[in-house]
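Throughout, a chain's letter reflects where its sequence line sits, starting with A, and its residues are numbered from 1. As a basis for the values below, the full set of heavy atoms in this structure was taken, side chains included, without hydrogen atoms, waters or symmetry mates.
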Number of protein chains: 2
Amino acid sequence: MDKNLKRMATMHRMQVTGLELFYKNGYYNTSIDDILKSLSLSKGAFYYHFQSKEDFFVSIVQNLIVRKVYSMLIEPIEGKENPFLVIEKCFENALETAEHNEMDYGFILSNFISEFNRRNTVISNYLMDIYKVWEVNLISILQKGKSDGYVDRHVDSEGVATYLISSYMGVRTLMVQGNCRNLRYKYMQQLRQYFNSLTQKEAV
Amino acid sequence: MDKNLKRMATMHRMQVTGLELFYKNGYYNTSIDDILKSLSLSKGAFYYHFQSKEDFFVSIVQNLIVRKVYSMLIEPIEGKENPFLVIEKCFENALETAEHNEMDYGFILSNFISEFNRRNTVISNYLMDIYKVWEVNLISILQKGKSDGYVDRHVDSEGVATYLISSYMGVRTLMVQGNCRNLRYKYMQQLRQYFNSLTQKEAV
DNA sequence: ATTTTTACCGACCACTTAGTCGGTAAATAA
DNA sequence: TTATTTACCGACTAAGTGGTCGGTAAAAAT
């Protein structure tokens with residue numbers, strides 16, 4: 001399949017550096033030359049491996065961004081435990097990681113969704129696919145939480161998922177402008193407050 | 001003061017069209033020529049009134065964006081009524097307006113905060129100033145709500161403000177990708193759920 | 001040993017970018 | 001009437017922009 005190791009290695013190098021710069025400076029504010037310069041590669045190399053800037057970015061979304069979001073926000077959320085505790089732990093961990101990252105420029109998925117919204121539907125769709133998986137994952141753990149008696153049966157799982165994703169995306173945007181620690185603390189406290197109101201009250 | 005009417009009129013026209021295009025396509029993806037073409041004005045006119053693209057954008061922030069955010073999200077939130085109902089009404093109205101706007105490209109403030117985050121600190125600061133006023137305004141109405149017996153005294157007003165702003169910014173980002181109606185509905189329902197958990201329970 | 005493919009180079013192209021500058025018609029001030 | 005200022009024009013510049021293309025050294029296939 002991908003026995004062409006050299007090819008894969010170079011493409012991967014380009015994708016990694018590309019993502020780094022796109023994430024840091026934005027897609028429209030990063031030129032292919034910028035990426036090539038930082039890799040000491042030439043135009044020829046780039047267009048040998050990728051058809052266009054857009055094609056290049058799509059490959060980055062499907063290879064790198066998908067995995068980043070999966071490992072940080074999707075995979076950690078599963079299991080038969082209390083969904084609220086699992087989600088809380090996952091979000092706390094994600095925010096803490098961002099907080100300690102000197103090079104944090106916001107939530108990668110939300111940054112690009114916002115940058116491409118209505119401006120490039122091809123890329124937007126690939127990004128929204130990731131969002132949808134995340135959403136479905138949250139909904140399913142909340143539903144499971146209902147049958148396991150953690151989540152109140154009247155709770156609208158889809159609504160909660162939407163609210164969770166919205167608030168997470170928003171707080172990550174705000175965190176880029178300093179005071180992350182305080183933002184995280186306040187955010188997590190309100191998240192717990194919110195979760196508490198969704199928790200199944202034990203029958204007495 | 002601003003008796004130079006012609007000057008003001010032209011500048012204002014440029015700012016309005018500039019904001020339109022910056023909002024639609026993003027700052028880095030919109031050239032001055034784009035704006036000038038759509039106004040049938042020349043380079044000379046632009047650099048007669050503004051020093052640079054950045055200076056131009058700053059003037060847009062301080063004149064137009066400030067007012068938009070104020071009138072939509074800050075001014076409606078005041079008075080001595082129940083803060084939760086006031087905020088709910090204000091958010092509902094803002095989301096509904098966005099929903100029915102064919103040309104909606106997301107929450108203007110959050111879009112630009114995200115686009116300039118760490119990439120242009122001068123502009124970022126002007127944008128964050130608006131955010132801060134919004135935040136202070138929310139905090140103050142929540143505090144007033146405590147003394148008026150609407151808001152539970154244990155509630156952390158700053159935390160609630162952060163959570164509100166975060167979730168609003170997030171949901172507006174998501175709304176650009178269709179299904180706005182459903183998103184708004186789900187969001188508002190969860191907002192009420194959250195508010196309910198913060199409401200002062202009447203002593204029996 | 002020869003041919004073909006791979007992976008890359010870098011000059012080049014048409015076009016766009018933010019910004020400059022000499023000019024000018026009309027309005028205003030003297 | 002004359003001098004000056006206002007508001008704007010548009011050609012120009014230097015530095016990019018995404019993308020093309022002929023070439024080439026080394027590796028792989030024959």
Side-chain angles (χ1 to χ4, degrees), chain A residues 1-61 63 112 115-116 119-123, chain B residues 1-61 63 112 115-116 119-123:
Chain A
M1 184 65 66
D2 42 308
K3 60 189 168 198
N4 24 19
L5 281 180
K6 185 81 185 293
R7 183 184 186 83
M8 298 301 278
T10 307
M11 287 175 78
H12 191 254
R13 261 188 356 121
M14 285 177 175
Q15 289 165 338
V16 169
T17 303
L19 178 55
E20 226 169 77
L21 294 182
F22 285 141
Y23 173 56
K24 185 172 178 180
N25 307 317
Y27 176 82
Y28 293 111
N29 200 27
T30 304
S31 71
I32 294 171
D33 281 341
D34 290 339
I35 298 162
L36 260 13
K37 198 184 296 169
S38 121
L39 282 165
S40 297
L41 281 173
S42 68
K43 271 282 170 68
F46 183 86
Y47 284 96
Y48 175 72
H49 292 292
F50 303 99
Q51 286 176 30
S52 64
K53 190 184 181 185
E54 179 178 313
D55 170 72
F56 176 55
F57 190 80
V58 169
S59 85
I60 289 177
V61 174
N63 286 286
F112 287 127
E115 182 166 14
F116 291 112
R119 301 192 247 274
N120 184 317
T121 48
V122 173
I123 293 178
Chain B
M1 182 68 63
D2 43 308
K3 61 188 170 196
N4 25 19
L5 279 180
K6 186 84 185 292
R7 182 184 186 84
M8 297 303 276
T10 306
M11 286 177 79
H12 190 254
R13 261 189 356 121
M14 286 177 173
Q15 288 165 339
V16 168
T17 303
L19 177 56
E20 225 169 77
L21 295 181
F22 285 141
Y23 173 56
K24 185 173 179 179
N25 307 316
Y27 176 82
Y28 293 111
N29 200 27
T30 303
S31 69
I32 293 171
D33 281 342
D34 290 340
I35 297 162
L36 261 13
K37 197 185 297 169
S38 121
L39 282 166
S40 298
L41 281 174
S42 67
K43 270 282 168 68
F46 182 86
Y47 283 96
Y48 174 72
H49 292 291
F50 303 99
Q51 286 177 29
S52 65
K53 190 185 180 185
E54 179 178 311
D55 170 71
F56 177 55
F57 190 80
V58 168
S59 85
I60 289 177
V61 174
N63 286 286
F112 288 126
E115 182 166 13
F116 291 112
R119 302 192 247 275
N120 185 317
T121 48
V122 173
I123 294 179

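An OP1 or OP2 oxygen of D:dT20 is reached within less than 4.0 angstrom by no side-chain nitrogen or oxygen of A:Y47. Close to C:dT17, at under 4.0 Å from its OP1 or OP2, lies a side-chain N or O of B:S31. Put simply, B:H49 has no side-chain N or O that comes within less than 4.0 Å of OP1 or OP2 on D:dT6. Contact between the side-chain N/O atoms of A:R7 and the OP1/OP2 oxygens of C:dT6 is not found at any separation under 4.0 Å. The phosphate of D:dC8 (OP1 or OP2) has a side-chain N or O of B:T10 nearer than 4.0 angstrom. Residue B:Y48 places no side-chain N or O under 4.0 Å from the OP1 or OP2 atom of D:dC8.
Across the protein-nucleic acid pair, A:M11 atom CE and C:dT6 atom P stand 14 Å apart, rounded to whole Å. Distance B:L39 CG to D:dC9 P: 10 Å, rounded to the nearest Å. Per the geometry, OH belonging to B:Y28 stands 13 Å off C1' belonging to C:dA18, to the nearest Å. For the pair A:L36 CG and D:dG19 C1', the interatomic distance rounds to 12 Å; values are reported in whole Å. Residue A:I35 contributes atom CD1, which lies 12 Å from atom C1' of D:dG18 at whole-angstrom precision. If you measure from atom NZ of B:K37 to atom P of C:dC15, you get 13 Å, rounded to the nearest angstrom. Nucleotide C:dC15 holds its P atom 18 Å from the CD1 atom of A:I32, rounded to whole Å. Rounded to an integer number of Å, the gap from A:F50 CZ to C:dA7 C1' is 13 Å.
At least one test fails for B:K53 against the ring of B:F22: distance under 6.0 Å to the centre or angle within 45° of the axis.
Residue B:K53 is in sugar-phosphate contact alone, with no base atom involved, counting any heavy-atom pair closer than 4.0 Å across all strands shown.
Under 3.5 Å, the side chain of B:K43 and the base of D:dA11 form no donor-acceptor pair of N or O atoms.
Here the closest non-hydrogen pair linking B:S59 and B:F50 is OG-CE2, 3.5 Å. Pairing each heavy atom of A:R13 with each of A:L39, the nearest pair is NH1-CD2, 3.8 Å.
Listed for the B:E115 side chain is a donor-acceptor partner under 3.5 Å among the backbone atoms of B:Y27. Remark: side-chain polar atoms of A:N120 are not paired, donor with acceptor, to backbone N or O of A:F116 under 3.5 angstrom.
Distance from the side chain of A:L41 is smallest to C:dC8 among D:dT6, C:dC8, D:dT17.
The nearest heavy atom of DNA chain D to B:S42 and to A:G44 marks one nucleotide each, and the one closer to the 5' end goes with B:S42.
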